[in-house]
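The structure under discussion appears below in the form of structure tokens.
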2 protein chains.
Amino acid sequence: MAKKVKAELDLTTEQKIKEAASRVFTKKGYGNARTRDIAEEAGINLALLNYYFRSKEKLFDIIMAERIEKLFGVLAPLLYDEGTTLEEKLQNITDNYITMLTEHPDLPIFVLSEIRNNPDKLADRLQARKHMTQSVFVRQLMEKRKDISPFHFLMNLLGMALFPFIAKPVLQPIIGSENNYNAMMEQRRVLIPKWIKMMLEEV
Amino acid sequence: MAKKVKAELDLTTEQKIKEAASRVFTKKGYGNARTRDIAEEAGINLALLNYYFRSKEKLFDIIMAERIEKLFGVLAPLLYDEGTTLEEKLQNITDNYITMLTEHPDLPIFVLSEIRNNPDKLADRLQARKHMTQSVFVRQLMEKRKDISPFHFLMNLLGMALFPFIAKPVLQPIIGSENNYNAMMEQRRVLIPKWIKMMLEEV
DNA sequence: AAATTATTTAATCAAATGATTAATTATTTT
DNA sequence: AAAATAATTAATCATTTGATTAAATAATTT
């Protein structure tokens, strides 16, 4: 294997293809993405894509694994932290989730629509079962509020954080500039943990 | 135009194609749907699809308009009802939204991912601007809680109602049977309006 | 430097796919 | 019933698209 000696800043061909594939797949989805789009985006010959990754599907599988890791990788450790209180976790999870979504706003719709196309293949990868049944966070939720399933609060937290991002193409033009929208997300960083705390109090 | 005289229960060919197209497009998305899939699903010859609708894209546009109407048609009138209080609206909106989503669980991801593929063409259709700026509901939210943008509460309501449905492929296997999942949604019908009410109270 | 191996390209293939055509059957109008 | 119009079908076309091939170039090893 003859690894090219490239200038530090240059990416290897393999990396260029992966990054182009990540952009194109995320933006258009598997079915709407053309291998020619990816090759052009990467600035390489189409045949190279197959030379390095054998097929569109194999390339996609690699990209998808990385994107899912991006979507949940930051979150998972927070859920299992024994050293933080429930309140701290609410703040940390909200914070990290909104940060990640701000950096990768098109990730949720991409992952969700690919799961729709291939539930069996992808749904497992998220390890949602483990997080739901074994995480410290869920345990703490149950201790705090015994009469309501912790799933509800988890859904609320994720739903409130996620919604503005998946609805962004619809809402952004109404709310105004990109900056305006981001300002609203900054408010939600503070508000969402407060709201969840309110829900957790007995009535 | 010679409309066929069919038995009452039979659908016209045009209707059969539309219903098949609705199923196939919603399940797979525009890019992954094949006109042959639609023809087979409708039990008709492929050429008939073009005979009635000229092209895949024109057929899609018709289906999409109907699906968007389904997604927001029930909601819009509730937002403008002068005869209900804010509390009643919270209950009505949640109730109707969850009912609609239960009947059409794959609708949100379909609409959102098509908007991603074609924001300019689709985002306007939802008339979100009008609902956000002129609805009685938003006005009532502003009167109740002057220090927080009504957008936040709208996002929270929709996010909390929507999330369980878009995450269903991931969460359903964990929570258990379809019945279990539906039971949880029934709980949320009652809980979500309560939670929003709590958020609306001054701290 | 020669030989070997790795990388890259242009050209091409084969299958999939949206769309059309020309002929056939069914329905409606005259 | 004959003529005209509408609906339906099988066959086919033209493009698109994922993938391959054979040849050329670049890098590495001997």
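Just the heavy atoms: all of them, side chains too, but no hydrogens, waters or symmetry mates, feed the values below.
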Just checking, A:Lys58 and A:Tyr52: is the charged tip under 6.0 Å from the six-membered ring centre and within 45° of the axis?
-> no
Describe, in one word, how the ring planes of A:Phe25 and A:Tyr30 are oriented to each other, choosing from parallel (under 30°), tilted (30 to 60°) and perpendicular (over 60°).
-> parallel
How long is the line joining CZ of A:Arg36 and C1' of D:dG18, in whole Å?
-> 7 Å
Using a cut-off of less than 4.0 Å, is there contact between a side-chain N or O of A:Thr13 and OP1 or OP2 of C:dT7?
-> no
Kindly point out which of D:dA7, C:dG18, C:dT8 is positioned nearest to the side chain of A:Tyr51?
-> C:dT8
To the side chain of A:Leu48, which of D:dA6, C:dT7, D:dT17 is closest?
-> C:dT7
Checking all strands, does A:Phe53 fall into the base, sugar-phosphate, or nothing category for heavy-atom contacts under 4.0 angstrom?
-> nothing
For A:Phe60 and D:dT17, give me the distance from atom CZ to atom P, rounded to whole Å.
-> 17 Å
How close or far is atom P of C:dT17 from atom CG of B:Asp37, stated in whole angstroms?
-> 8 Å
To the nearest Å, how far apart are A:Leu46 CG and C:dC13 C1'?
-> 13 Å
Atom-to-atom span, CD1 of B:Ile17 to C1' of C:dG18 - whole angstrom | 15 Å
For C:dG18, does OP1 or OP2 lie under 4.0 Å from any side-chain N or O of B:Thr35?
-> yes
Which nucleotide sits closest to the side chain of A:Tyr52: D:dA19, D:dA7, C:dT7?
-> C:dT7
Euclidean distance, B:Lys121 NZ relative to B:Asp61 CG, rounded to 0.5 Å = 3.5 Å
Show the numbers, then the answer: is there a salt bridge (charged side-chain N to carboxylate O under 4.0 Å, His left out) between B:Lys27 and B:Glu41?
-> CA-CA 12 Å; B:Lys27 186 173 167 213; B:Glu41 174 95 9; over 6 Å; no
What's the closest nucleotide to the A:Ala47 side chain, out of D:dT8, C:dT9, D:dA19?
-> C:dT9
On DNA chain D, nearest-nucleotide positions of A:Lys56 versus B:Asn45: which is more 5'?
-> B:Asn45
Taking atom C1' of D:dT17 as reference, at what distance in whole Å does atom CG of A:Asn32 sit?
-> 13 Å
With a 3.5 Å cut-off and just heavy-atom distances, do the side chain of A:Arg34 and the base of D:dG18 make a donor-acceptor pair?
-> no
N or O in side chain of A:Asn50 less than 4.0 angstrom from D:dG18 OP1/OP2 = no
Pick base, sugar-phosphate or nothing for A:Leu49, based on heavy-atom distances below 4.0 Å to the nucleic acid.
-> nothing
So what does A:Ala33 touch, heavy atoms closer than 4.0 Å: a base, only the sugar-phosphate, or nothing?
-> sugar-phosphate
Integer-rounded Å distance: D:dT25 C1' and A:Ile44 CD1 | 17 Å
Rounded to the nearest 0.5 Å, what separation is found between the CG atom of A:Leu158 and the CG atom of B:Leu171?
-> 8.5 Å
Send over the distance from A:Glu57 CD to C:dA15 C1', rounded to a whole Å.
-> 16 Å
